[in-house]
Amino acid sequence: MAEEKGFFKRLVSGLTKTRDNIVSGMDSIFHGFSHIDEDFYEELEEVLIMGDLGVQATEDILDDLREKVKERHIKEPSDCRQILIDSIKEQMDVGETAYEFEGRTSVVMVVGVNGVGKTTTIGKLAGKLRAQNKKVILAAADTFRAAAGEQLKEWANRAQAELIGGQEGSDPAAVVYDAVQAAKARHADVLLCDTAGRLHNKKNLMEELRKMNRIIDREYPEAFRETLVVLDATTGQNALQQAKDFKDVADITGIILTKMDGTAKGGIAVAIQAELGIPVKYIGVGETIEDLQKFDADTFVDALFAVPEEKEE
Ligand SMILES: Nc1nc2c(ncn2[C@@H]2O[C@H](COP(=O)(O)OP(=O)(O)OP(=O)(O)O)[C@@H](O)[C@H]2O)c(=O)[nH]1
Ligand SMILES: [Mg+2]
């Protein structure tokens, strides 16, 4: 329980900039308007859009609010606050978020454009799984960038996981092949595959992903599969577009939003779940091995709208 409380506190503090960006704007509308009219809705819309909740989610949230205001004969703008909170939660509901791979023999492909935090996230995930006493193998299938293998090796050491790598410029699919054989031979619980964020072009990158997937399908059909897209929360709406691009070529099972610490654009978590229907499974809240947390939409919204302690009376 104490740990849970600490976790929530860290989330509340990590969301400070997003809160300043969205919630304080909303609160000034709730307090600044004496009645609910078109201007009120328009200003709310602006705050939600500026807060990176996305056009789709914003419209749905406001439609829902209008309906409830009518139904419940609400007159006070401040009475809209809780309705809005509930409505955001409802928008983000993508059903039960599954972490089945953590308890199965699984292969987790981690994809995303360059610099979003794939390698770091794999290191953190490996740390989490090792803490549960799982046997973890990391595949350094980013053979494109010179230092990528070294970087993953450091994380493997930190997390005490095994690493399978290849020469720079070698075929990433061959690395995946070797890693799968190693995972089978050594009875690994989870194989985490790091991939390149940048190849010669986007088509190339997507082709490479397909190829790796085919190899895992063929060589390791009994493994439970997970494909996670890593997105950098600080890039706001760009992150949403990246998720859509990957969704077109791969069977994406979840999203990891990194760099949630210190960004004002945390609202993108709402847009992603509402518009893509793909669960955000983890969020990155810093650069160390502990800075990866499971994501729960309700907790996220509660933390976003929480009154930070120093502001409490
Ligand atoms: N503040 C913060 N920084 C992060 C987080 N996740 C990753 N980073 C930092 O982001 C930078 C890029 O991370 P990488 O893990 O190298 O990203 P990548 O996607 O593997 O990059 P490429 O291999 O070049 O495609 C590093 O400096 C990380 O420390 C996070 O949750 N919070
Ligand atoms: Mg990397």
Side-chain angles (χ1 to χ4, degrees), residues 7 10-18 52 108-128 137-159 161 163-170 172 175-176 179 191-202 204-206 208-209 212 227-236 238-239 241-243 245-246 250 252 254-269 272 280-295 300 303:
F7 165 89
R10 281 205 303 281
L11 188 59
V12 169
S13 111
L15 290 173
T16 301
K17 284 195 183 160
T18 300
D52 276 298
V108 182
M109 286 279 285
V110 176
V111 304
V113 304
N114 77 83
V116 291
K118 294 179 294 300
T119 305
T120 308
T121 299
I122 286 182
K124 294 172 181 172
L125 253 184
K128 261 188 179 316
I137 295 186
L138 309 184
D142 177 1
T143 54
F144 189 75
R145 197 164 60 81
E150 269 311 305
Q151 190 192 354
L152 193 64
K153 196 173 192 174
E154 274 171 35
W155 278 106
N157 289 341
R158 230 171 269 153
L163 180 86
I164 303 291
Q167 294 291 318
E168 183 191 337
S170 67
V175 174
V176 168
L191 169 61
L192 298 170
C193 303
D194 191 18
T195 61
R198 177 171 29 195
L199 284 181
H200 304 286
N201 56 51
K202 194 165 119 186
N204 225 286
L205 175 76
M206 302 300 179
E208 208 53 70
L209 285 179
M212 288 187 264
T227 304
L228 303 173
V229 184
V230 180
L231 303 170
D232 175 344
T234 65
T235 63
N238 275 338
Q241 187 52 47
Q242 287 164 21
D245 290 346
F246 281 101
I252 303 304
I255 283 167
I256 299 178
L257 262 183
T258 59
K259 310 185 195 180
M260 287 291 269
D261 50 311
T263 177
K265 299 185 177 196
I268 194 67
I272 286 169
V280 175
K281 293 199 171 176
Y282 299 92
I283 53 173
V285 291
E287 296 184 273
T288 74
I289 198 158
E290 285 93 29
D291 293 322
L292 189 74
Q293 303 182 346
K294 279 190 179 162
F295 180 85
F300 173 81

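Computed from heavy atoms alone, side chains included, the values below leave out hydrogens, waters and symmetry copies. Counting from 1, the numbers follow the sequence of the chain as shown. Remember, it's 1-based here, ligands and their atoms both numbered in the order they're listed.
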Strictly distance-based, threshold 3.5 Å: is any side-chain N or O of [X] a donor or acceptor partner for the main-chain N or O of [Y]?
X      : Y      : answer
Lys124 : Gly284 : no
Thr16  : Gly262 : no
Thr195 : Val110 : yes
Thr258 : Leu231 : yes
Lys118 : Gly112 : yes

Residue and atom, protein N/O/S, under 2.8 Å of the Mg ion (ligand 2): Thr119 OG1
Shortest non-hydrogen contact between Leu257 and Met260, atoms and distance: O-CG, 3.8 Å
Heavy-atom closest contact (Gly165 atom, Ala140 atom, distance): CA-CB, 4.0 Å
Side chain to side chain donor-acceptor pair (under 3.5 Å) between Asp245 and Gln241, worked out: CA-CA 6 Å; Asp245 290 346; Gln241 187 52 47; 3.1 Å; yes
Under 4.0 Å from ligand 1 - residues by heavy atom, chain and number: Asn114, Gly115, Val116, Gly117, Lys118, Thr119, Thr120, Lys124, Asp142, Arg145, Gln151, Gly197, Thr258, Lys259, Asp261, Gly284, Val285, Gly286, Glu287
More than 12 heavy atoms from other groups under 6.0 Å of NZ on Lys294: yes
